[in-house]
Amino acid sequence: MSAPIIWILAPFGVATVLWLLQRKTLLVAWVGLILCVGLAVLAASVPIGERIPGVGLRIEPELIILGRRLLVENTDRPLLVFFYAIGAFWIGGARASRADRLVAPVGLAILTILLAALSVEPFLYAGLLVETAVLLSVPMLVPAGSSAGQGVLRYVVFQTLALPFILVAAWGLGGVEANPTNTDLAQLSVVLLGMGFAFWLAIFPFYTWLPLLAGQAQPYAVGFLMMAMPTAVLILGLNVLGQFGWLSSDPGLFTILRLSGGMMVVTAGVWAAFQRDVGRLLGYAVIIETGYSLLALSLRESLGMEIFVMMFLPRLVGLGLWSLAAGIMQRETGSLQFKQLERVAEKLPFATAGLALAYLSLAGLPLLGSFPLRQILLQEVARTSPFGVIWVLGGSLGLMFGAFRLLAVLTEGYFGPRKAQETWLQMVLLLLGVLTLLLMGVFPRALFPWMARLLEAIPALY
Amino acid sequence: MNESPWIYIPVAVLALTALFLLVNWNWRAGIIALAIQYLAVFWLTTAEWPLGLAVVKLVAGWMAGAILGASQAGEESLEEAGSRIAGARFRLAAAVMVGLLVLSVISGAESRLPVPRPLLMGGLALISLGLLQLGMTVRPLRIVLGLLTVMSGFEIVYAAIESSVLLAGLLAVVNLGLAFVGAYLLAAPALEDTP
């Protein structure tokens with residue numbers, strides 16, 4: 001048995017079966033949840049490429065398909081744990097959020113395809129796999145009976161446009177490896193690669209589709225997609241930088257990363273301050289998160305890499321909590337426009353608290369999940385560009401301003417004691433999310449060091 | 001590669017079909033133009049690839065067209081009746097400007113990519129007109145037609161630098177996937193959402 005079969009092909013097969021059984025939502029949710037938890041536990045406990053103590057079996061790290069290799073090494077185990085944790089997190093909450101029935105099977109399939117993209121060699125096939133994941137995600141974003149908004153169309157367009165850039169860049173990078181003196185081809189490859197990743201990650205100025213998509217599609221599906229896709233693409237980018245060492249030796253790359261990251265935080269923060277839709281705010285929060293990830297990578301030191309991987313945890317909990325709370329509100333009010341959410345805290349106090357705390361955490365409010373890492377990151381960035389940090393802080397303040405406007409709408413200054421309309425499952429999940437965010441903010445050393453293990457799965461660039 | 005003047009016939013066909021897709025408002029005519037476009041893509045690709053491999057593009061493209069055609073519920077027009085003529089004129093003018101831009105960048109692209117001129121011309125024509133189409137519409141069918149046009153253009157250029165059988169197959173799958181997504185987006189509003 002090989003690792004790619006266990007963690008990629010078999011779960012994809014299960015996802016296909018679950019898709020066929022999609023109307024049995026309870027069964028699909030439980031099977032999906034148990035599978036994700038089981039695969040995460042298996043990845044955490046069983047070595048790859050070594051004999052399993054007490055059993056004597058050995059899981060092979062590679063699988064050859066049509067001459068191409070899927071490679072899942074022992075060092076990739078933390079990544080497997082994290083990805084299946086994302087799956088468990090979202091599939092586990094899908095029923096509570098009353099998300100579309102496709103979220104569980106399609107979400108699981110997308111996770112396996114993204115894992116395949118991270119493990120396939122040569123790298124150019126990753127582009128095709130990511131595109132497959134994008135196309136597969138469309139039914140999840142536009143459920144049967146609803147019309148496709150402009151956001152979904154733009155999402156498909158922008159993500160698909162990345163593919164040609166990535167494929168030609170992969171060809172160019174191969175050419176440069178064969179002939180390192182070909183500087184023209186090297187330059188062309190770098191530009192094309194940068195464009196491809198800019199489209200994939202919705203990097204400034206290619207992010208206009210994200211708030212549109214988040215404002216039109218179901219928040220739960222968007223939250224999942226905006227957690228899984230950028231995470232996979234960012235790690236894929238680091239894999240490419242590790243594979244072609246000469247790329248990361250250029251200091252210009254890190255300047256571009258810093259500028260792009262900073263611009264994303266600043267512009268998205270300014271836009272977020274004036275939004276009147278919780279869905280669009282989610283889009284801007286995701287842009288800001290990606291911006292911070294780029295800023296962390298731009299530090300060009302091991303601390304930056306540590307911050308980069310640790311930020312995945314508050315992002316996972318923050319986006320998950322936001323998606324769950326927003327999904328509950330959308331079901332109750334029919335819309336995520338501010339107008340429809342006035343005094344919603346009276347009916348949905350737990351969802352309101354969850355949404356507010358998730359938002360404030362993503363905005364970097366002290367004592368919540370994202371704050372400890374943001375503080376260290378901004379301190380480090382300030383060493384090289386103190387003026388830039390002021391702009392970035394301004395962007396974060398914009399998001400924070402949007403959070404306080406949202407709070408004012410949700411509560412309208414006062415909400416009296418009424419019976420909460422959330423179900424007990426929704427209340428439990430929302431409370432767990434809120435407590436986790438507080439735990440991360442107050443005791444950062446309790447959870448963040450676990451995330452640092454993800455560094456084993458990422459090539460050491462510095 | 002064969003540099004005979006005949007090779008420029010598919011280039012002209014590509015430019016004309018892409019232009020027609022841009023200004024046309026009847027979806028049936030659009031699907032037919034797409035089918036002719038894939039025929040020209042196939043013709044141009046045979047200059048670099050063996051016939052058996054190049055035919056993959058033709059089959060996949062025609063299948064994509066068939067999927068999109070089958071998903072149309074009967075609405076004939078891709079445009080609002082009132083804005084058809086003015087819209088077509090505006091698109092035509094934009095296409096002329098984009099065409100001039102393509103002509104101006106061809107020599108630069110030729111020096112950077114080892115792609116024969118006819119393939120580069122055909123590929124860049126499709127990419128630029130496809131992008132123009134994508135930038136000028138919010139209709140799902142037009143968007144998918146634009147994406148298929150851009151992908152076709154890219155595949156022509158890519159055929160000259162990469163001839164992997166697996167890659168050709170996977171790109172065909174992506175094209176079919178785009179067509180299925182387009183068909184789904186067209187049909188989704190009318191689909192039944194039973195619990």
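Keep in mind that what you see is a predicted model, and the values were worked out from it rather than measured. Here is how names work: the chains are called A, B, and so on, in the same order as the sequence lines, proteins then strands, and each is numbered from 1. No hydrogens, no waters, no symmetry mates; every other heavy atom, side chains included, goes into these values.
In terms of heavy-atom proximity, A:L153 sits nearest to B:P140 at CD2-CA, 4.0 Å.
Most heavy-atom pairs under 4.5 Å with chain A, from the set B:L167, B:L134, B:V144: that is B:L167. Each of B:L166, B:L170, B:L185 has some count of heavy-atom pairs under 4.5 Å with chain A, and the biggest count is that of B:L166. Across B:L186, B:V157, B:V165, B:V174, the residue that shares the most heavy-atom pairs under 4.5 angstrom with chain A is B:V174. Comparing A:A148, A:S146, A:G172 by how many heavy-atom pairs each has under 4.5 Å with chain B, the most go to A:S146.
B:I161 touches chain A through backbone and side chain together, each having a heavy atom under 4.5 Å away. For A:R68, the part sitting under 4.5 Å from any heavy atom of chain B is the side chain, from C-beta outward, and nothing else. Of the atoms belonging to B:V150, it is side-chain heavy atoms, and not backbone ones, that fall under 4.5 Å from chain A. Only the side chain of B:L131 comes within contact range of chain A, with at least one heavy atom under 4.5 Å from a heavy atom of that chain.
Other residues, nucleotides and ligands contribute only 12 or fewer heavy atoms inside 6.0 Å of the CZ atom of B:F180. In this structure, A:W19 places its CH2 atom where only 12 or fewer heavy-atom neighbours from other residues, nucleotides or ligands lie under 6.0 Å away.
Once rounded to the nearest 0.5 Å, the distance linking CZ of B:F154 with CG of A:L167 reads 4.0 Å. Atom OH of B:Y184 and atom CG of A:L135 lie 13.5 Å apart (nearest 0.5 Å). A distance of 9.5 Å separates CD in A:Q150 from OG1 in B:T137, rounded to the nearest 0.5 Å.
Between B:L147 and A:V156, the closest side-chain pair of non-hydrogen atoms falls below 4.5 Å.
The interface of residues 173-198 of chain A with chain B, defined by heavy-atom distances below 4.5 Å, comprises A:D184, A:L188. By a heavy-atom distance cut of under 4.5 Å, A:L124, A:Y125, A:L128, A:E131 are the residues of residues 117-132 of chain A near chain B, going up by number.
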